[in-house]
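Both counts, for ligands and for their atoms, begin at 1 and track the order of listing.
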Amino acid sequence: MKLSVLLVLVLVSLAVNAVHAQYGYGKPPPPYGGDDDVNSAKSLWSALAREQLVGNKVIHSTPYQGIHPHGAVLETLDAEVNVSSHRGAVIIKRNYGGSGVSKSNVATNPERYLQAITVMFKRERGYDADNKDWFWVKYTPSGDIFKDAQGRALAGRVAKDSKTEGCIACHKTAPGADYVFNHDRYTR
Ligand code: HEC
């Protein structure tokens, strides 16, 4: 009798441990790819679509020759958007590629060459104080979120936990220490 009670206790504690290991009980949330990050990315996409900054009514600018890793031809838009109660600067980069890609082909038929939309959104102060409070996300042309090799959604502080991989590690080297390559407007 006593032995079976003991056995039940051991099994229960094993099960509790397994649940904790699975769901990371007590651990801080991951810097990116969590449910909150994905939900924020979805809200951001809706806000951008409302402002015609993504989606089928998107406003186009003149495509330009891009550099690695973003794509052969790029289009970049700077704006401000409201997401929930926060208003922040947003930079939207449309990344074009594929066979036959050129500035004029993209200008004529943008959707055919669109491969990804990479976005930086300036979040509320303290969101990521180490990295100028930028939220990073990589969308497919239809607004889904790309995943990395580990299956984590590329949304949030991507990839704060790596010194070599991901948006933050590379954009940290941008001139002006504002994480933006194309200008230094947000350095001020
Ligand atoms: C290996 C380096 C590198 C990585 C990784 C990288 N970028 Fe960039 N990114 C650049 C460079 C260089 C530019 C400027 C290129 C241009 O516009 O011609 C740029 C430009 C941008 C811009 C336009 C604003 C600016 O900085 O000029 C956005 C938005 C952007 N990247 C988003 C992202 C996101 C989101 C990720 C991660 C999913 C990412 N980038 C990963 C190098 C990188």
Side-chain angles (χ1 to χ4, degrees), residues 30-34 36-49 51-55 58-81 83 86-98 101-103 106-107 110 113-123 127-128 130-188:
Y32 71 98
D36 284 355
D37 302 310
V38 168
N39 288 334
S40 299
K42 286 182 182 162
S43 307
L44 178 59
W45 180 268
S46 305
L48 294 176
E51 303 284 332
Q52 291 178 255
L53 295 167
V54 297
V58 70
I59 298 163
H60 284 289
S61 61
T62 305
Y64 61 95
Q65 204 68 49
I67 52 172
H68 183 78
H70 280 293
V73 174
L74 301 171
E75 219 186 322
T76 304
L77 292 167
D78 284 55
E80 275 192 11
V81 276
V83 180
H86 172 72
R87 185 168 182 82
V90 67
I91 313 177
I92 300 120
K93 179 179 287 302
R94 294 164 57 86
N95 305 265
Y96 298 100
V101 71
S102 68
K103 287 194 281 182
V106 167
Y113 299 97
L114 183 60
Q115 296 192 324
I117 303 166
T118 37
V119 176
M120 298 167 63
F121 176 50
K122 192 77 146 178
R123 290 283 300 261
Y127 168 73
D128 185 6
D130 303 335
N131 299 300
K132 298 273 163 141
D133 298 324
W134 289 109
F135 176 90
W136 308 83
V137 51
K138 181 171 183 178
Y139 296 108
T140 69
S142 58
D144 291 329
I145 303 165
F146 277 92
K147 292 194 168 137
D148 65 12
Q150 291 85 47
R152 293 162 81 183
L154 290 172
R157 303 162 188 89
V158 188
K160 193 172 176 160
D161 46 3
S162 168
K163 287 203 159 48
T164 51
E165 305 274 311
C167 324
I168 292 176
C170 190
H171 276 254
K172 223 182 184 109
T173 65
D178 57 354
Y179 292 69
V180 179
F181 283 96
N182 280 311
H183 58 68
D184 289 335
R185 212 154 53 230
Y186 304 128
T187 304
R188 288 179 263 142

Main-chain N/O of K132 paired with K122 side-chain donor or acceptor, under 3.5 Å: yes
Could you tell me whether ligand 1 has any atom less than 4.0 Å away from a heavy atom of Y64? yes
Tell me which protein heavy atom sits closest to atom 24 (C) of ligand 1, plus the residue, atom name and distance to 0.1 Å. I91 CG2, 3.7 Å
What atoms of ligand 1 come within less than 4.0 Å of a heavy atom belonging to L74? 16 (C), 17 (O), 18 (O)
Ignoring angles and geometry beyond distance, decide whether Q65 reaches within less than 3.5 Å of ligand 1 through its nitrogen or oxygen atoms. no
Do the charged groups of D133 and R157 touch, with an N to O distance under 4.0 Å? no
If the cut-off is 2.8 Å, does any N/O/S atom of C170 fall short of it from atom 8 (Fe) of ligand 1? no
How does E165 reach ligand 1, if at all, at less than 4.0 Å between non-hydrogen atoms: by side chain, backbone, both, or neither? neither
Check whether any heavy atom of V158 sits under 4.0 Å from an atom of ligand 1. no
Among protein heavy atoms, which lies nearest atom 26 (O) of ligand 1, and at what distance? F181 N, 2.8 Å
State which residue, out of Y179, W134, F181, fulfils the ring pair (Phe, Tyr, Trp, His ring centres under 6.0 Å) condition with H171. F181
Considering only the protein, which heavy-atom contact is closest to atom 15 (C) of ligand 1, and what is its distance? I67 CG1, 3.8 Å
Would you call K93 and E75 a salt bridge, using N to O less than 4.0 angstrom? no
Residue H171 atom name (nearest to atom 8 (Fe) of ligand 1; N/O/S): NE2
Pick whichever of C167, A116, G66 has a heavy atom sitting closest to atom 34 (C) of ligand 1. C167
Taking the non-hydrogen atoms of L154, is any one of them nearer than 4.0 angstrom to ligand 1? no
Closest to atom 22 (C) of ligand 1 by heavy-atom distance, out of R94, E75, K93, is K93
S40: which residues meet the side chain to side chain donor-acceptor pair (under 3.5 Å) condition with it, sequence neighbours left out? none
So if I count the atoms of ligand 1 from 1 in the order they appear, which ones are less than 4.0 Å from some heavy atom of V119? 35 (C)
Got a salt bridge between K160 and D130, using NZ or NE/NH1/NH2 to carboxylate O under 4.0 Å? yes
Ligand 1 to V137, heavy atom cutoff 4.0 Å, flagged ligand atoms 35 (C)
Measure the shortest side-chain to side-chain distance between R123 and D128 over non-hydrogen atoms and say whether it is less than 4.5 angstrom. no
Strictly below 4.0 Å, N to O, side chains only: are D78 and R185 in salt-bridge contact? yes
In the structure I gave you, are the side-chain heavy atoms of I91 and V180 within less than 4.5 Å of one another anywhere? yes
So is G166 close enough to ligand 1, meaning a heavy atom under 4.0 angstrom away? yes
Where Y32 and A153 come nearest, the two heavy atoms and their spacing: CD1-O, 3.3 Å
How about CD on Q52, more than 12 heavy atoms from neighbouring residues, nucleotides or ligands closer than 6.0 Å, or not? yes
Could you work out, for atom 6 (C) of ligand 1, the closest of H183, M120, K172, H70 by heavy-atom distance? H70
